[in-house]
Amino acid sequence: MKADRIHNFNPGPAAMPLPVLEEIRDAFLNYKGSGMSIVEMSHRSKEFESVIGDAAQRTKRLLNLDDRFHVLFMQGGATLQFAMIPMNFLADGRSADYVNTGTWSTNAIKEARILNKPIQVVASSEDKQFTYIPGAIAFNRNAVYAHITSNNTIRGTQWSRFPDTAGVPLIADMSSDFMSRPFDARPFGLIYAGAQKNIGPAGVTLVIVRDDLLKLVPENLPVMLKYTTFSAKNSLYNTPPCFAIYAVHLMLKWIDETVGGLEKMAAVNRTKADRLYGCIDASGGFYRGTAEPASRSQMNVTFRLANEDLEKRFLEEALKSGLGGLKGHRSVGGCRASLYNAVSMEAVDALVEFMNVFAKRNG
Ligand SMILES: *Cc1c(COP(=O)(O)O)cnc(C)c1O
C-alpha cells in the first residue's frame with residue numbers, strides 16, 4: 001500500500017489498479033503528444049477512435065467472442081438496461097423468463113413490468129432472504145430470453161455455473177463480476193455491466209449483444225433506446241462518455257497484459273476469496289458468512305458479527321488500520337468486502353490479518 005492510499009473494498013464505484021490511475025494521471029494533460037487531454041478532444045478524432053476500438057477488440061479477445069457478438073458502450077448504467085432489454089426484445093405477445101436472486105434482479109423485473117411486458121419469474125431465492133442461487137430451473141421454451149444476475153452484489157451470492165436454458169438466449173447482468181473470470185459466452189444473447197465495479201470508473205455500461213437479438217429490435221423506439229443505434233455506429237452515434245471509455249480501455253489492457261488474461265485474473269480472484277472465506281470459517285462463529293457456502297460470491301464477501309455494536313466497532317477500527325469500504329449495503333446491514341479485480345492479494349492479506357486480531361481481542 002502506498003502511504004496515502006487505503007486498502008479499498010468499496011462495492012462500487014470501487015478500487016482501480018494503481019498503475020492504471022498513474023497512467024491516467026501521467027497522460028492527462030497531453031495525450032500521446034496531441035497537446036490535448038483525452039477529455040478535450042473530439043470523439044471522432046483518430047486518437048479516440050483507437051481507444052474505443054481497442055476497448056471493443058480486447059473485450060472480444062478476452063472473452064473469446066465470435067463475430068456474432070457486438071461490443072457497445074452505453075450510458076444510463078445497468079439500471080437503464082433493465083428497461084431497454086424488454087423494450088428492444090419483447091414484441092407484443094412475447095414473453096421472457098427472469099430469475100430473482102436479489103435487489104438487482106428485482107429491479108430488472110420491476111422495469112419489465114412497468115412496460116407491461118408479460119414476463120415470468122421462473123425461480124427465486126426470496127424465500128431465504130436471497131442467500132442462495134436456485135438450481136434445477138424449468139425455463140419456458142418459447143421465452144425470448146432468460147434473464148439472470150450473475151453476481152448479487154448486495155447478498156454476496158454468485159452463479160458458479162450458468163443455468164441450462166435449452167437454447168433460450170441467456171441475458172445476464174454481470175455488473176459486479178464482469179471480466180473477473182472466463183466463461184463460455186455462446187449461450188448468451190446479451191451481457192451488460194456498469195463499469196464501476198470491475199472494469200473502471202462510473203459513466204459507461206458495457207453491453208455485448210448477439211446478432212440474432214439485434215434482429216428483434218423494433219424501428220419505433222427513440223434512437224438512444226435502441227441497441228441497433230449503437231451497433232450500427234460503433235457506439236459513436238452521439239458523444240459517448242469519452243473519459244470513462246478511455247479508463248475502461250486501460251483497465252482491459254491491464255487485465256490482458258499485466259495480469260495475463262482472464263484465466264489468471266480468475267485464479268487471483270479465487271485465491272483472494274478463499275483466503276477471506278477461510279478466515280471467516282475458521283473464526284469459530286465470530287464472523288458468520290451470510291450466503292450459503294455453495295452460492296458464495298468471489299466478488300462480494302458478506303458477513304455478520306455478533307451484534308450491530310460490534311460491527312460498528314469493526315468498521316471503525318478497520319478504517320483506522322487503512323481498510324475501507326467494508327460496510328454492508330444499507331438494505332441488509334452487516335459487513336461486506338468487495339474483492340473486485342483491482343483489489344490486490346496484499347489488501348486481502350491485510351484484511352485477514354486485521355480480522356484475526358480483532359476476533360482475538362473481542363471474542
Ligand atoms: C451496481 C449494480 C447495478 C446498478 O448499476 P448502475 O450502473 O448504478 O445502474 C445493477 N446490477 C448489479 C448486479 C450491480 O452490482
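Side-chain atoms are counted along with the backbone in the values below, which use heavy atoms only and exclude waters and symmetry mates. We count ligands from 1, going down the list as the structure has it; atoms in each ligand are counted the same way.
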Check for me whether the distance between the ring centres of Phe178 and Tyr192 falls short of 6.0 Å. no
Run through ligand 1 for me and note each protein residue having a heavy atom under 4.0 Å from it, chain first, then residue number. Gly77, Ala78, Thr79, Phe82, Trp104, Thr149, Asn151, Thr153, Asp173, Ser175, Ser176, Gln196, Lys197
One thing to verify: whether Arg275 and Asp349 come together as a salt bridge, which I'm taking to mean a side-chain N less than 4.0 angstrom from a carboxylate O. yes
What pairs meet the salt bridge (Lys or Arg N to Asp or Glu O under 4.0 Å) rule with one or both residues in residues 7-21, with sequence neighbours excluded? none
State plainly whether the residues Arg296 and Asp274 are in salt-bridge range, i.e. N to O under 4.0 Å. no
Are any of the side-chain nitrogens in Glu317 or Arg361 under 4.0 Å away from the carboxylate oxygens of its partner? yes
Salt-bridged, Arg313 to Asp309, with N to O below 4.0 Å? no
